[in-house]
Amino acid sequence: MGETASMKPGNASLPEAGLHCALSARALVKRYKNSDHPALHDFNLDVQPGEFFGLLGPNGAGKTTAISILTGLFPPDSGVVRVMGMLFREKQNEIKQILGLVPQNIGLYDKLTAQENLAFFGKLFGISGKRLAERIQQSLVFARLTEHALQSVATFSTGMKRRLNLAVGLLNAPRVLVLDEPCVGIDAQSRHLIHAQLKNLNQRGTTILYTTHYIEEAQELCSRIGIIDNGRIVKEGTPAALLQQSGLANLEELFLHLTGKELRDS
Amino acid sequence: MLKISATIAKELLLLLRDRTGLLVLFLMPAILVVVITLVQENVMELTGQNKTLVLLLDQDQGELGSLLRKQLDAGNLELVVWDEKRHDSADLQAAVAGGEYQIGIVIPKGASSRFLEETERLFQQDNGTEKPKNIVTTSLRLFVDPGIMAGLRAGVTAQLQMSLTTIALEAKLAMLSRTLQGTLGTLGVPLDRTPLDGDKLPALFRQPMLNLTEDPGASRAAGGLAPYNPVQQNVPAWALFGMFFTAIPIAGSILQERRSGISIRLAALPVSLLVLFAGKAVAYIGVCLCQFLLIVLIGTFLFPHIGLPCFTISMHLTAVLLTVLLSSLAACGFGIFLGVACNSYEQASTLGATTVVAAAALGGVMVPVYAMPHAMQRLSIISPLNWGLTAFQDLLLRGYALPAILDNLGRLLLFFALTVLLSWKISRLRQ
């Protein structure tokens, strides 16, 4: 990774920051070419081990950029990312072994079966033989796709694809799981199953960072929520604490209060 | 190794599931090599590299016809004789004008007797006269297919004229021999054991005294290889063309991964981009090898059944396989570069097809490099298809061994390395 430890005043201990967090970002800045505003600006985040953290934000707030940097898809212009205390720029391969990403797009090969997809991605994690066979079986059970293991993904419904997309992200039994809107466009049954399985995973110790548009979803799942706007976290805390501090009736009102009611079309 | 083998297996599975795409990859070069070779076989007829068909209508049925037939049979002309009772000169003219035969000759009725009479008269004239007087030249009628090239027209006409000159000269020598025999006989000069005894003179005339012998060291047919023909040129040329066309499905697979979001997942995995490129390259090298094998099998087993010469592979099999391998690598490198540099499949397929066709044309796949204008010949050296094709021609036509093609193999390897390096750099920049 290409993070730089360029420090802002007040961030003197930046390289050491987040050493005990499952996932930590300090002073992240990311500016895209041809854009006047930075996608991330002084973005700071600490996700504690075993936490289920929800990242909420309107379109264009910087959620996907933040997730991309946190999972090593591309480097920030400046700032530091640590996963389980390891600096991304120093331990990229080690971090990728313990990190799981469930991307917003269904990143699966349509012409391969569910089992073939799992086998391919599993091998890219370096898993093989009996261990791989076990992981594939566990993933299929997790996604309730055992009966469809030998079916081409092209024949799957969106819900089935989303479940398999999630299962692939869990092949390496990640200690930190990052999910980017994993329930977009699926039916209530699949969403219910995904939610239940994620809660189960979290209870067994997996740290989860979850981005969503759905406020009620975040409220149901997350132990802590961060609201992101204009490239930085503007508020964070437990759902109950956030409501108590704001004096508002629900999280949606708080969300609109913090991010405004103007349409975000970009 | 696990990661590369997983990528290879995945690519092969995806290829096998896309049966239409796979069929196109194999069918396209197979159809092209058959059609183009058949077409070029016809071009070789027009340029005279094959035997030229000559139609003869002998209305005379005399000595001249049989002498002419004997002369033409010895040359590179394939003689077809029509029955003068069933066809006339108008039929012959129509057959030649229609392209059925390249040359038509009509020997008019009475041509033989007139020719012999005039030859005899030539030697009965007043010996004091410097130039023969009132000798009538016997004319045969010649018809030439307007579709044949000027070079062939001139060559065949010269060959026919040479045949007629030989016939006339032999007749003159025979007549001279008889005249001298008569004159010397009346003077009592003994002719035994001299060239003037009997009909020895024309036979002595036919004895070749000067000849041109082709040096086998410089010949295309050197080293016991098959002589140059469109099959030896087209089998490797169109196999190469097909191999470079695999660049488009390679690019398509990269763009599909980018479009569907798979590339995001891959970027988050502990696997290098170069490993993913290598997996793709190895899988598609397998496809290229199968393509080459298919085209060779077509050249070897199908061509003889459709009237084409059989493809003969050189004995330097290792060098041939190395050329196939490095050409495949270059094609895969180009495909990876195309997939990384383009933004959509439409872009990649248009740019890829245009580039491969242009590189093939420039590289000598469609028209041999030596037949191109000088400027294009100099430009052809930039085409990777030219490097591959030149290496194949050196092995298959010129009979060279591995050391002679190392420069072109090096270029192909360097092209692969550069395209992969560029692709890796562009991918990093895209991030």
field: Rounded distance (nearest 0.5 Å) linking atom CG of B:Leu14 with atom CD of A:Glu116
entry: 8.5 Å
field: Side-chain touch B:Val275/A:Leu124, heavy atoms, less than 4.5 angstrom
entry: no
- prompt: Within the distance-only criterion (no hydrogens, no angle test), does the side chain of A:Lys96 pair as donor or acceptor with the backbone N or O of B:Ala267 below 3.5 angstrom?
  reply: yes
- prompt: Heavy-atom count around B:Phe337 CZ within 6.0 Å, excluding the residue itself: above 12?
  reply: no
statement: Comparing B:Asp18, B:Leu266, B:Leu2 against chain A, the one with the most heavy-atom pairs below 4.5 Å turns out to be B:Leu2
- request: Please look at B:Glu257 and chain A and tell me whether the side chain, the backbone, both or neither of the residue comes under 4.5 angstrom of a heavy atom of that chain.
  value: side chain
task: Look up atom OG1 in B:Thr7 and atom NZ in A:Lys123, then write down how far apart they are to the nearest 0.5 Å.
output: 10.0 Å
message: Can you tell me if A:Arg175 has over 12 outside heavy atoms packed within less than 6.0 Å of its CZ?
response: no
- prompt: To the nearest 0.5 Å, how far apart are CG in B:Leu13 and OH in A:Tyr109?
  reply: 11.5 Å
statement: CZ of B:Arg17 to OG1 of A:Thr113, rounded to nearest 0.5 Å, is 6.0 Å
message: Could you report the tightest heavy-atom contact between B:Ala268 and A:Leu101, atom names first, then the distance?
response: CB-CD2, 3.6 Å
statement: Checked A:Val168, A:Ile106, A:Asn172, A:Asn117 vs chain B; the most non-hydrogen pairs under 4.5 Å come from A:Val168
- request: Could you tell me whether the side chain of B:Ile264 reaches within less than 4.5 Å of the side chain of A:Thr71, counting heavy atoms only?
  value: no
- request: Provide the closest heavy-atom pair for A:Phe120 versus B:Ala6 in the form atom of the first, atom of the second, distance.
  value: CD1-O, 3.6 Å
statement: Pair count under 4.5 Å, heavy atoms only, with chain B: among A:Gly100, A:Gly107, A:Pro103, highest is A:Gly107
- prompt: Non-hydrogen atoms of chain B under 4.5 Å away: do they reach the side chain of A:Asn165, the backbone, both or neither?
  reply: both
- line: Greatest number of non-hydrogen atom pairs under 4.5 angstrom with chain B, of A:Leu112, A:Val102, A:Ile95, falls to A:Leu112
- request: Any chance you could measure B:Ser260, atom OG, to A:Asn105, atom CG, to the nearest 0.5 Å?
  value: 7.5 Å
- prompt: So how far is it from B:Leu269 CG to A:Phe121 CZ, rounded to the nearest 0.5 Å?
  reply: 7.0 Å
query: What part of B:Ile4 is in contact with chain A, defined as an atom under 4.5 angstrom from a non-hydrogen atom: side chain, backbone, both or neither?
result: neither
